[in-house]
Amino acid sequence: MYWYLLTALSTTLLPIAANAVQSDETNPQDLSHTFINTTQWLAARAKVDSWIAAMDTTEKAFVVTGTFSGTCIEDIAPIKSIGFSGLCLQDGPAGIRLADLASVFPAGVTTAATWDKELMYQRGSAMASEFRAKGAHVLLGPAGGALGRSPWGGRNWEGFSPDPYLTGAAMDYTIRAIQDGGVQATAKHFIGNEQETMRKPTMINGKMVDSVSSNIDDRTLHELYLWPFADAVHAGVASVMCGYNRVNGSYSCENAHLMNKILKDELGFQGYVMSDFLATPHGVDPIKAGLDMNQPGPASLLPLTETYWGRNLVAAVENGTLAEARLDDMVRRVLTPYLYLGQDKDYPAIDPSSGPLLYNSFGYPIPGGFTPAGRDVRGNHSTLIRNIAAAGTVLLKNENSILPLNKSLTNIGVFGNDAADPTMGLLYPKTDGAEIGTVIVGGGSGGGRPSYIVSPLDAVRVYAQGIGARVQYVTNNTAIVTGSLTGLYPLPEVCLMFLKSWASEGVDRSTLVPDDNSASAVNKIASLCPGRTIVITHSGGPDIMPWAMNPNVSAIIAAHYPGQESGNSIMDILTGRVNPSGKLPYTIAAEEADYNTPIVNITGPEAEDSSAWQSDFTEGLFIDYRHFDQKNTTPLYEFGFGLSYTTFDLVSDLTISAPTSKVPARPPVTNGTLALGGNPSLWKTLVVCSTEVTNTGHLAGATVVQLYISLPEGNVPAGTPVRVLRGFEKVELAPGETKKVSFALTRRDMSYWDVVAQDWKIPSGEIVISAGFSSRDRRVTSTVSLV
């Protein structure tokens with residue numbers, strides 16, 4: 001029910017995008033280097049080797065086997081003989097989940113919608129500070145899988161975007177920030193964990209049925225689903241977590257091709273692979289396939305917690321089933337990040353409230369009724385949370401410039417199930433959301449337990465009081481649809497309609513229309529407020545909007561899952577305190593049928609057959625905007641789209657600086673002591689592109705300049721997308737201001753995966769490079785030939 005991957009590799013990484021955004025010219029990041037201090041890493045590994053020499057086989061076995069302590073969601077027990085303090089592993093990707101007086105940050109999808117590398121870094125840094133202060137060594141995030149193949153995927157919101165480049169950048173900046181803070185990061189779930197339906201082995205009519213198999217061809221795996229994990233490894237991530245699902249017929253945590261050949265050999269991963277919660281298959285085969293840590297190990301609170309590791313590994317070494325050298329390798333991978341990040345020195349003790357919260361989350365009585373208050377680790381993170389949520393809010397429609405709100409308003413209406421305080425408490429762990437109450441984050445182990453929530457209704461009330469306006473509200477969609485609403489008098493001058501779409505671990509979305517009879521509720525309110533209705537959605541992904549073309553709906557805002565400052569962040573946008581700059585990290589279709597990747601869901605007698613649970617990724621590389629481009633289907637709102645209260649334009653051609661002589665089509669073989677992310681040649685900049693962006697409006701604001709490439713048709717294999725994202729920079733501009741924006745394109749960016757050569761290849765011919773403000777709003781274009 002939870003997913004994790006230990007983490008810890010990283011080094012001195014500097015916060016980045018602030019310079020790029022605020023200087024006269026945005027400077028492309030040189031990502032040719034990895035982010036591990038090789039000398040320090042090798043020194044940590046050498047010390048671990050001395051520890052291994054001093055340990056007996058039993059001690060080694062328990063370094064790699066979870067031991068339930070009753071304090072953290074997962075643990076590795078201390079080994080006193082070597083001075084190892086153990087590991088505390090905690091959920092999750094939006095903040096420390098089972099904690100008192102901790103923050104719930106905006107979800108991954110919200111962070112991706114900022115398209116802001118500096119905010120990605122700051123979010124990771126703030127989360128790391130809270131995890132460390134609570135005594136957690138390992139943060140079980142970020143999530144690069146689910147990538148978001150299907151818009152119905154229940155856990156897409158935990159990750160960032162169905163575009164691998166955008167997700168890869170978010171993984172990179174998040175991981176470096178977490179590990180700069182001395183906390184191990186975990187890249188999860190590796191790989192193909194793209195639906196919740198039948199994600200785990202399940203008992204059906206008394207028969208244990210295998211989990212769904214994600215069947216992915218080699219090129220699709222490399223160019224889509226592996227791409228952000230390569231970024232994670234290149235950033236120095238300490239741990240990678242395998243998932244519950246099967247991949248091409250073999251369980252993820254027992255798949256030697258994925259873990260040994262691709263992750264450890266091809267990508268040069270030096271950390272450890274850990275299992276998702278109870279995802280370790282029987283026996284030593286997973287170990288031989290590359291699994292380094294079994295979690296949670298034996299846990300008395302949970303059913304079905306038999307562990308196949310622990311002392312069984314001692315017997316396996318003694319009878320020759322498992323080579324002790326492989327066990328030593330596992331221990332080395334687990335302990336090196338711990339030493340490298342300095343977690344052996346003055347690390348905070350585990351917060352005393354962690355244990356009671358853990359017992360409570362499983363529905364068990366708290367031992368001894370012991371309920372100490374937690375350490376307050378929130379600091380000033382509320383400001384950052386508010387800023388990220390506002391930056392990740394996307395303005396989709398703004399007819400007649402109804403927004404920002406007029407400060408002379410005297411009567412504001414607030415409507416919808418999502419407007420008020422949650423009615424089921426502050427913990428978000430369930431697979432079913434409350435009918436009434438705002439949603440700030442999704443459910444399951446990626447959720448959170450905020451110490452407070454600023455609801456939209458509360459924030460509107462505060463604003464209204466400041467301008468001397470009244471607030472009328474109805475926060476029950478059923479009452480809106482079925483009632484006469486005669487209590488509204490006089491009718492509001494503007495109607496704010498708050499909708500939500502609940503998403504959670506363990507269940508996929510059954511519809512992409514927002515919850516609770518939302519379409520009828522919107523139409524009802526819009527009929528009362530013609531031309532004055534503003535719809536705000538809180539969702540973990542694309543929503544179908546059957547009311548989008550309703551002429552009485554003047555504005556639409558996608559506010560995603562904003563974290564605990566929800567009401568404040570949306571009022572920042574509605575009032576113009578913050579000029580909206582968010583861009584869609586996915587495509588919003590006009591109809592659900594326009595998407596091409598439904599969830600596999602088998603019913604009836606066939607569901608009892610493991611061989612029937614096959615999810616064939618036959619669409620290949622054509623997911624999200626790539627599919628819409630291939631089919632020439634017009635979306636409602638395209639990938640990368642987002643409005644502002646000002647306007648922008650690109651005012652210069654796209655200039656390209658490229659090698660003066662031809663480069664080899666395949667990357668030269670180069671070696672490094674730590675070749676993290678694979679061949680270092682793949683990460684070297686080959687091309688630098690530049691253009692100039694101007695604020696042509698009358699308000700200060702920020703926009704995202706996006707770079708797309710199109711590989712030469714005819715010189716690439718069938719199934720190549722029309723265009724793919726390969727760069728983005730967020731730029732802040734005063735009215736009339738112009739800045740130069742530059743993008744660094746690496747060899748990997750300009751290549752496709754050659755399945756025959758089993759290597760990346762730059763095609764011959766002209767590569768088209770274009771820049772603009774969305775996948776379908778490209779303003780300047782140029783070409784380059786490299787081979």
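Since this is a predicted model, take the numbers as computed values, not measurements.
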Distance-only polar pair, side chains of Arg219 and Thr720, donor-acceptor under 3.5 Å: yes
On a heavy-atom basis, which atom in Pro286 and which in Met259 lie closest, and how many Å separate them? O-CE, 4.1 Å
Assess the side chains of Asp210 and Trp613: does a donor N or O sit below 3.5 Å from an acceptor N or O? no
Please report the interatomic distance NZ(Lys207) to CD(Glu608), rounded to the nearest 0.5 Å. 6.5 Å
Using 0.5 Å steps for rounding, measure from the CG atom of Leu139 to the OG1 atom of Thr174. 10.0 Å
Quick one about Gln758 and His222 (side-chain donor to acceptor, distance below 3.5 Å, no hydrogens or angles considered), yes or no? no
Would you find a donor on one side and an acceptor on the other, under 3.5 Å apart, between the side chain of Ser252 and the backbone of Phe190? yes
Will you find, in the side chains of Thr197 and Asp508, an N or O donor that is under 3.5 Å from an N or O acceptor? yes
Are the side chain of Arg199 and the backbone N or O of Asn245 linked by a donor-acceptor pair below 3.5 Å? no
Asp217-Thr220 side chain donor-acceptor pair, cut-off 3.5 Å: yes
Take Asn215 and Ser213 through the side chain to side chain donor-acceptor pair (under 3.5 Å) test and state the conclusion after the steps. CA-CA 6 Å; Asn215 302 322; Ser213 177; 2.7 Å; yes
So, Asn517 and Asn477: side-chain donor and acceptor under 3.5 Å apart, yes or no? no
May I have the step-by-step check of side chain to side chain donor-acceptor pair (under 3.5 Å) for Asn255 and Ser250, ending in yes or no? CA-CA 6 Å; Asn255 195 311; Ser250 297; 4.5 Å; no
What heavy-atom pair brings Ala279 and Pro281 nearest, and what distance separates the two atoms? O-CD, 3.2 Å
Determine whether the side chains of Ser445 and Glu505 contain a donor N or O and an acceptor N or O closer than 3.5 Å. yes
Using only heavy-atom distances, determine whether the side chains of Asn601 and Gln195 contain a donor-acceptor pair under 3.5 Å. no
Do other residues, nucleotides or ligands put more than 12 heavy atoms under 6.0 Å from Glu592 CD? yes
For Thr587, does its backbone N or O pair with a side-chain atom of Asp624 as donor and acceptor, under 3.5 Å? yes
For side chain to side chain donor-acceptor pair (under 3.5 Å), just list the numbers for Asn417 and Asn476, CA-CA rounded to whole Å, side-chain angles, deciding distance to a tenth of an Å, and then say yes or no. CA-CA 5 Å; Asn417 282 21; Asn476 184 314; 5.6 Å; no
Show the numbers, then the answer: is there a salt bridge (Lys or Arg N to Asp or Glu O under 4.0 Å) between Arg449 and Asp91? CA-CA 11 Å; Arg449 185 182 180 275; Asp91 295 325; over 6 Å; no
Side chain to side chain donor-acceptor pair (under 3.5 Å) between Ser611 and Asp609: does it pass, once the steps are laid out? CA-CA 5 Å; Ser611 65; Asp609 182 4; 2.8 Å; yes
Hey, can you tell me if Tyr359 and Phe68 have their rings parallel, tilted or perpendicular (30° and 60° cut-offs)? perpendicular
Under a 3.5 Å cutoff, is there a donor and acceptor pairing between the side chains of Asp515 and Ser501? no
Does a donor on one side chain and an acceptor on the other come within less than 3.5 Å for Asn294 and Thr65? no
Test item: His189 side-chain N/O and Gly145 main-chain N/O as donor-acceptor pair under 3.5 Å: yes
Of all heavy-atom pairs linking Phe160 and Gly108, the shortest is CD2-O, 3.2 Å
Report yes or no: is the cationic atom of Arg726 (NZ for Lys, CZ for Arg) closer than 6.0 Å to the six-membered ring centre of Trp227, at no more than 45° off its axis? yes
Is there a salt bridge (Lys or Arg N to Asp or Glu O under 4.0 Å) between Arg776 and Asp629? Walk through the geometry before answering. CA-CA 9 Å; Arg776 297 204 168 189; Asp629 288 345; 3.2 Å; yes
Start with the C-alpha gap between Glu266 and Leu226, add the side-chain angles, then the distance that decides, and say whether side-chain contact (heavy atoms from CB on, under 4.5 Å) holds. CA-CA 11 Å; Glu266 183 182 316; Leu226 184 65; 4.2 Å; yes
Would you please test Tyr225 and Phe617 for ring pair (Phe, Tyr, Trp, His ring centres under 6.0 Å) and show each step? CA-CA 11 Å; Tyr225 303 101; Phe617 290 29; 5.4 Å; yes
Have a look at Phe628 and tell me which of Tyr595, Phe641, Tyr586, Phe639 forms a ring pair (Phe, Tyr, Trp, His ring centres under 6.0 Å) with it. Tyr595
Quick check, are the ring centers of Phe269 and Phe229 under 6.0 angstrom apart? no
Quick one about Glu619 and Asn596 (side-chain donor to acceptor, distance below 3.5 Å, no hydrogens or angles considered), yes or no? no
Of the non-hydrogen atoms in Arg97 and Gly447, which two are nearest, and what is the gap between them? CG-O, 3.7 Å
So, Lys500 side chain and Asp418 main chain: donor-acceptor pair closer than 3.5 Å or not? no
Minimum heavy-atom distance Tyr165-Leu725, with the two atoms named: CB-O, 3.4 Å
With no hydrogens and no angle check, do the side chains of Ser275 and Gln295 hold a donor and an acceptor under 3.5 Å apart? no
Heavy atoms only: give me the nearest Ala94-Pro106 pair and the separation to one decimal. CB-O, 4.5 Å
